[in-house]
Every structure is written in C-alpha cells, then in structure tokens.
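In each ligand, atom 1 is the first atom listed, and ligand 1 is the first ligand listed. From a predicted model like this one, the values you see are computed outputs, not experimental measurements.
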Amino acid sequence: MRAAVIGAGVVGLACAEELARAGHEVRVFDPDPGAGATRAAAGMLAPAGEAWHGEADLLRLGVASARLWPQYAARLGAASGVDVDLRTAGTLLVGQDHDDLRQVRRSLEVLAAEGLRFQELGPREARAQEPTLSRVAGAALLPDDHNVNPRKVVRALLQLLGDRLVAARAAVDAAGVVTADGTRFDCDAVVVATGAEARTAVPQVRPVRGETIRLRAGDPPSRVLRARVHGQPVYVVPRAGGEVVVGASEEEHDAEPVAGLGTVVRLLHAARTLVPGLETAGVLEITARHRPGTPDNGPLIGPRAHSGPVREVLAVGHYRGGVLLAPVTAQAVRAHVEGSDVPAVARPFVPSRFTHPQHVTPTGQGRALTT
Ligand code: GLY
C-alpha cells in the first residue's frame, strides 16, 4: 500500500516507521520534525505514575505500550545506531508532606485495582533508595515506569525513515496529500498525526500547555521522581550526561505556547525543594508546547468518521502520553491502515467513541469498527 503520514512528532514518526517496516510505501510530511510537543516531552514511560481513577482503559493501553518499549528501544538503537537512553531504574512517586502523601496513596489505589506492582516506602526508605531527596513524608517505588530521551527517539526514527521524510506541510486532497508547492503523493491512506494542531480538523482535540526545563546537575537523581510538593505537581527526570528535565505544568488555553514565568518559578521551586542538590544545577533550556488533550484524556486512534475520498486514520490526542504510547499506536495504526486485527487494548480509542459510542467494541472482543 501507499501511505502518507502528516506530522513527524514521535507518534507520526513511529507510525511511519512501522508502516515502512511492514513493506508499505510511506512518506511523512512535516516542515520541522520533532519540534512540537515531542520537543518538550520528558520521555517518561509512566502508565502507573500517571494512572488516575476512571481511566482504566488508558492505563491498560499505557501498560501495553510500556511493555513494548524495551524491545522497541533496542531495535531502534540497533537499526539506527542511535542509543535512545532507555533507563529502567523505575520511578519514585513522592509525597513531600502528609497531604501530598495522601494524594500519592490515591494513585496507588488505582494501581492496586489493576494488579500493578508498587512498593510503599517510609521517609527513611525513600531516602535510602534515592539519597538526593530532601526530607519527604513518604513515597512509592513504581518499578515498571521507565524513561527514554524523546529527542534521541526522534533522531533514531528519522534515521530509519531516511528520504521518506518530506520537510513540508501537507494537506489531504482527493487522491492523497499535496504540499504548498504542489508536490503530490497519491496514496491509499493518510495518517493524521499532527498533535495539538489537529484541533482545526478534529474538534475533540484541545491544546493544554506544558513547560519543561532542562537542567545540568552535578548530582542528579538516579531515577525518575514524580512528586507533589506542598500541593504542586512536579517531575524530575534524569537523562544521560547529568541532564535533568523538570516539568508537569498544565494550562488550559489557546494562547501561544510560550513558557509562563510564574509557572517556571513554581516548577523550579518545587524541584529544588524535592532535590536540594539542584540548587547548583545549570539551566540549559526552557520549552513550552501544547499537549493534545481530549475529553477523556485518551488518544484518538483509528478511522476518521468523515473522511473524504482518501481514507484518513487518526493518531492524535495523546495528551500526556505521546512518547509512552508511540509503539502501541504505531501497531494499531498499521492494523487500521491494513484492515487487520487491531490490538484489543487500542480498540476503545477509536475516534467514533465520541460520535457513535454504541459501536465501539469493548477491549478483548472482535475487530475495531471502521467507519
Ligand atoms: N507525561 C508528562 C507530561 O505530559 O507532562
């Protein structure tokens, strides 16, 4: 088949690479690959750390994708020569004070209900596990929540895609896609993976701004820390070479994704309270981007309800989980494009759940509907 992918963030690139690996003729269109939400992403593979009440299907999708990541990262590394910095030391979910710890325990209830692994730690045990922590009320070790460097994942995927990347904007037309300079690519299916920009065509997508700050630290934490610090959510994510990414902000508006001073100050204050050694870290970069949010916080993966003559498959709305969900999304998109069996965990995320909820096959039964 011939397939075009519009959007070269981590999700679009993963879909394009999966389709190319399956032998299809693929082009991926983006004037600035990896420059959207992927640029700000911390790269946490954190289904457990981000689990919340009422989102069991999303948790299962995240767990399925997290399980694909070790092999996925190894394959990308071997095939492209780019080490994507997969770190498997797990995550500490930390409550700085006792109110914060109550919130952590609420998250653990969700994990317990799904039978996912965690280990509660008292203040001393938490600091024994992670000596860079300040005095905290308590924590939980999430041994299966890992992290990668999304910028390296993009580099690896671009390497594998080679000249299948077309550095231009493209729009869907009657026979495929066309770029502003009139270059055409006629195809059987178009995968739309344009992140928050999809909101112009997909009304369920809304922008949710997030800021991340890249630091360089002499004594970085040894694993991901996700915390509430006197009510402020924050994560501190170590990468190779002493790099540390701080983030967690979420702001609901359409304004340009420019980092807000107050937000950056709050994040950095929380990070330094949690890990006092960050006091002497260097600030390398502050980045703000729009996450693609959706009404149920889950992605839209599957046929677009009102496609024109060319079949459109959506891979949008990954909100806080684009990096985590890239491998499972790629598998599901490939199945939707080919008309084969869609992984059961991805079936609840067909776009038609918002327009024809009665048609969505529940997890574990039958095939995904194509509309
Ligand atoms: N997954 C981390 C974030 O969206 O901030």
J.: Give the atom numbers and elements of ligand 1 that come within less than 4.0 Å of a heavy atom of M44.
T.: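 Listed by number with element: 2 (C).
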
J.: Can you find a side-chain donor-acceptor pair between Q96 and S134 that sits under 3.5 Å?
T.: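 Note: Q96 and S134 side chains meet the donor-acceptor criterion.
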
J.: When you compare the side chains of E250 and Y319, does any donor N or O come within less than 3.5 Å of an acceptor on the partner?
T.: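 The criterion, which ignores hydrogens and geometry beyond distance, is satisfied for Y319 and E250.
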
J.: Between E114 and R60 (salt bridge meaning N to carboxylate O under 4.0 Å), is one present in this structure?
T.: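 Salt bridge present between E114 and R60.
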
J.: Please determine if R169 forms a cation-pi arrangement with F29, meaning its NZ or CZ atom is less than 6.0 Å from the six-membered ring centre and no more than 45° off the ring axis.
T.: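 Judged by the rule (NZ or CZ under 6.0 Å from the ring centre, within 45° of its axis), R169 is not positioned above F29.
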
J.: Closer than 4.0 Å to some heavy atom of E50 - which atoms of ligand 1 meet that?
T.: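 Answer, ordered by atom number: 1 (N), 2 (C).
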
J.: What part of R291, side chain, backbone, both or neither, has a heavy atom within less than 4.0 angstrom of ligand 1?
T.: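 Contact part for R291 vs ligand 1: side chain (C-beta onward).
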
J.: Given that the side chain starts at C-beta and the backbone is N, CA, C, O, which of these parts of Y235 lies under 4.0 Å from ligand 1, counting heavy atoms, or is it both or neither?
T.: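 The answer is the side chain.
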
J.: Atom 1 (N) of ligand 1: which protein heavy atom is closest, and how many Å away?
T.: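 The closest one turns out to be R320 O, 2.7 Å.
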
J.: Please determine whether a side-chain nitrogen of the Lys or Arg among E125 and R127 lies less than 4.0 Å from a carboxylate oxygen of the Asp or Glu.
T.: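 Salt bridge absent between E125 and R127.
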
